[in-house]
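Values below: every heavy atom of this structure, side chains too, minus hydrogens, waters and symmetry copies.
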Amino acid sequence: MAPMITFKRIIRKKSTEQFSSMPYLISLLQCLLSAWYSLPFVSPNNLLVTVISAIGIGLEATYVLIFLIFSPKKGKAKICGYLFVVLSIFSSLALVSILAFHGNKRKLFCGFAFAAACVMMYGSPLSVMRLVIKSKSVEYMPFFLSLSVFINSTSWLIFALLGKDPFIFVPNAAGTILGAAQLILYAVYRDKKEVKKDGINESVDQMRTGKLQDEKIVDIQNENANP
């Protein structure tokens, strides 16, 4: 639910600006595979994972829909393409797991697919992290989203250790590291945004001042020309 702050801004401005839809598309794939992995005929006794994954599917689908509504035409086409790929991957993996695997082999197959999707989900903000380093601004890397990634992955990491589930442990260990990296980046560049805005405001003030001075000079010249 942490991205709700970001999507409130998107709805208010009616623009996705430079926010990327990729993290939410990959998160949707991860939630779909997570829900599938936790179903009784794949991995028994995972009701908690099923419930959370179902809620996640609803939220991520809503976020993707908002991107589709407020993205430019070119962006909408790209999101539709990515969404088709996400649904195709999930459908293919689900069908293969049912038709080709049984018992423990099905759990292993779905577990590997789920773990790979989790790693992709936690790795998807890398493009945003690159933008932060390049622009020296955290404007497009929301703090609460980064914080929730760190807390979420750390919590699931502990859950996996207690339950001895390697398919939950491995991706969330990676998520903990990447979440910590995002928080470190935020700490480094969080003040740069304000500095950048102050610099822009100062430049605008200088331009306005210069314009007023030029207008005064023109007025004086006109008065001298027409005494």
Side-chain angles (χ1 to χ4, degrees), residues 1-9 19-39 42-64 86 90 93 107-133 137-193:
M1 295 178 68
M4 284 186 175
I5 298 172
T6 298
F7 284 94
K8 184 179 178 182
R9 168 176 170 171
F19 291 109
S20 173
S21 63
M22 190 57 66
Y24 307 102
L25 287 161
I26 295 176
S27 295
L28 177 60
L29 175 61
Q30 185 270 335
C31 288
L32 288 168
L33 291 173
S34 174
W36 187 259
Y37 170 75
S38 65
L39 292 176
V42 177
S43 174
N45 304 317
N46 265 327
L47 180 61
L48 179 62
V49 180
T50 305
V51 172
I52 293 175
S53 298
I55 295 170
I57 290 170
L59 289 171
E60 299 302 336
T62 303
Y63 298 151
V64 172
V86 164
F90 169 70
L93 290 171
K107 179 180 178 180
L108 288 172
F109 176 78
C110 294
F112 277 116
F114 160 61
C118 280
V119 172
M120 289 172 61
M121 180 190 71
Y122 287 130
S124 58
L126 287 174
S127 59
V128 180
M129 293 168 69
R130 185 166 65 95
L131 177 64
V132 169
I133 296 171
S137 170
V138 294
E139 184 175 4
Y140 297 104
M141 189 177 74
F143 172 74
F144 287 107
L145 181 57
S146 300
L147 180 63
S148 68
V149 167
F150 178 73
I151 294 173
N152 177 69
S153 54
T154 304
S155 301
W156 280 110
L157 178 64
I158 297 169
F159 176 84
L161 286 171
L162 294 173
K164 297 180 181 179
D165 190 329
F167 296 119
I168 296 178
F169 171 80
V170 172
N172 284 289
T176 300
I177 295 170
L178 288 170
Q182 290 180 50
L183 291 176
I184 291 170
L185 269 182
Y186 196 92
V188 172
Y189 293 110
R190 65 190 177 90
D191 294 327
K192 303 293 182 180
K193 179 180 172 183

Taking atom CZ as the centre, does Phe7 end up with more than 12 heavy-atom neighbours from other residues, nucleotides or ligands that are less than 6.0 angstrom away? yes

Under the side chain to side chain contact (heavy atoms under 4.5 Å, CB included) test, which residues partner Leu183, sequence neighbours left out? Phe143, Ser146, Leu147, Phe150

Would you list the atom pairs, donor with acceptor, under 3.5 Å between side chains in residues 53-63 and any protein atom, with sequence neighbours excluded?
| residue | atom | partner | partner atom | Å |
| --- | --- | --- | --- | --- |
| Ser53 | OG | Ser34 | OG | 2.6 |
| Ser53 | OG | Val49 | O | 2.7 |
| Thr62 | OG1 | Gly58 | O | 2.8 |

Hits for side chain to side chain donor-acceptor pair (under 3.5 Å) against Thr6, two or more places apart or cross-chain, chain-then-number order -> none

side-chain contact (heavy atoms from CB on, under 4.5 Å) between Val64 and Leu25, worked out: CA-CA 7 Å; Val64 172; Leu25 287 161; 3.9 Å; yes

I'd like to check the side chain to side chain contact (heavy atoms under 4.5 Å, CB included) partners of Ala160; sequence neighbours left out, ordered by chain and number. Ile168, Phe169

Smallest separation among heavy atoms of Ser38 and Thr50, with atom names: OG-OG1, 2.8 Å

Show your reasoning for whether side-chain contact (heavy atoms from CB on, under 4.5 Å) applies to Phe109 and Leu93. CA-CA 9 Å; Phe109 176 78; Leu93 290 171; 3.6 Å; yes

Rounded to the nearest 0.5 Å, what separation is found between the CG atom of Asn172 and the CG atom of Leu178? 11.0 Å

What pairs with Ser155 under side chain to side chain contact (heavy atoms under 4.5 Å, CB included), at least two apart in sequence or on another chain? Ile151

Look up atom CD1 in Ile52 and atom CH2 in Trp156, then write down how far apart they are to the nearest 0.5 Å. 4.0 Å

The reported gap from CG in Leu33 to SG in Cys110 (rounded to nearest 0.5 angstrom) is 8.0 Å

For Ser43, all residues meeting side chain to side chain contact (heavy atoms under 4.5 Å, CB included), sequence neighbours excluded: Tyr37, Asn46, Lys107

Heavy-atom check, side chain of Phe159 versus side chain of Leu48, under 4.5 Å: yes

